[in-house]
Undergrad: 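Dropping the structure in here first, questions after.
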Amino acid sequence: MMADNIEHVITYWVLWQKFHSPALAGFEVISHWVPFLLFSVYFGGLADRFDCRRVIQAAQALFMLVSALWGCCC
């Protein structure tokens, strides 16, 4: 997860260096954190009901899938 945080900082920096747009940088930060804030309660409930290791594994598998799709499409 630390590598994920570092990756976000790097992408924020690269985006700022390329476009120098505060609006675009703000959108990137908001689009990253709003889903986390909205879905954290729901996934906390899942973690209470099911084995936490399985929930984490499923979340990481979904994260890998989305990252691979972003890599293939961009």
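Throughout, residue positions are numbered sequentially from 1 according to the sequence presented.
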Undergrad: Tell me every residue that passes side-chain hydrogen bond (donor to acceptor under 3.5 Å, both in side chains) with Ser67, counting only those two or more places apart in sequence or in another chain.
TA: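 Here no residue qualifies.
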
Undergrad: Suppose clustering is done on Ile, Leu, Val, Met, Phe, Trp and Tyr with side-chain heavy atoms closer than 4.5 Å. Which residues sit in the same group as Tyr12?
TA: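 ILVMFWY cluster around Tyr12 also holds Val29, Trp33, Phe36, Leu37.
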
Undergrad: Identify all side-chain donor-acceptor contacts of residues 53-62 below 3.5 Å with residues at least two apart in sequence or on another chain.
TA:
{"unit_1": "Arg53", "atom_1": "NE", "unit_2": "Asp51", "atom_2": "OD2", "d": "3.4"}
{"unit_1": "Arg53", "atom_1": "NH2", "unit_2": "Asp51", "atom_2": "OD2", "d": "3.3"}
{"unit_1": "Arg54", "atom_1": "NH1", "unit_2": "Gln57", "atom_2": "OE1", "d": "2.9"}

Undergrad: Is Trp16 isolated, or which residues cluster with it under the ILVMFWY side-chain rule of less than 4.5 Å, directly or via members?
TA: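 ILVMFWY cluster around Trp16 holds nothing else.
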
Undergrad: Holding to side-chain hydrogen bond (donor to acceptor under 3.5 Å, both in side chains), I want the full list of residues that pass it with Glu28, two or more places apart in sequence or in another chain.
TA: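 Once residues adjacent in sequence are excluded, the partners of Glu28 under the side-chain hydrogen bond (donor to acceptor under 3.5 Å, both in side chains) criterion are Thr11.
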
Undergrad: Applying side-chain hydrogen bond (donor to acceptor under 3.5 Å, both in side chains), can you list everything that pairs with Asp4, at least two apart in sequence or on another chain?
TA: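 Asp4 satisfies side-chain hydrogen bond (donor to acceptor under 3.5 Å, both in side chains) with His8 once adjacent residues are dropped.
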
Undergrad: Give the other cluster members for Ile30, using side-chain heavy-atom distances under 4.5 Å between Ile, Leu, Val, Met, Phe, Trp and Tyr residues; answer none if it is isolated.
TA: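 Answer for Ile30: Val34, Leu38.
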
Undergrad: Which residue pairs pass the side chain to side chain donor-acceptor pair (under 3.5 Å) test with at least one member in residues 17-26, sequence neighbours excluded?
TA: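 Side chain to side chain donor-acceptor pair (under 3.5 Å) check on residues 17-26 returns no pairs.
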
Undergrad: Which residues satisfy the side-chain hydrogen bond (donor to acceptor under 3.5 Å, both in side chains) test with Arg49, sequence neighbours excluded?
TA: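 Once residues adjacent in sequence are excluded, Arg49 has no partner under the side-chain hydrogen bond (donor to acceptor under 3.5 Å, both in side chains) criterion.
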
Undergrad: If hydrophobic clusters are built from ILVMFWY residues whose side chains come within less than 4.5 Å, do Ile10 and Met2 share one?
TA: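 Linked, Ile10 and Met2 end up in one cluster.
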
Undergrad: Can you give me the closest heavy-atom contact between Cys52 and Ala47, atom names plus distance?
TA: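 Shortest heavy-atom contact: SG-O, 3.5 Å.
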
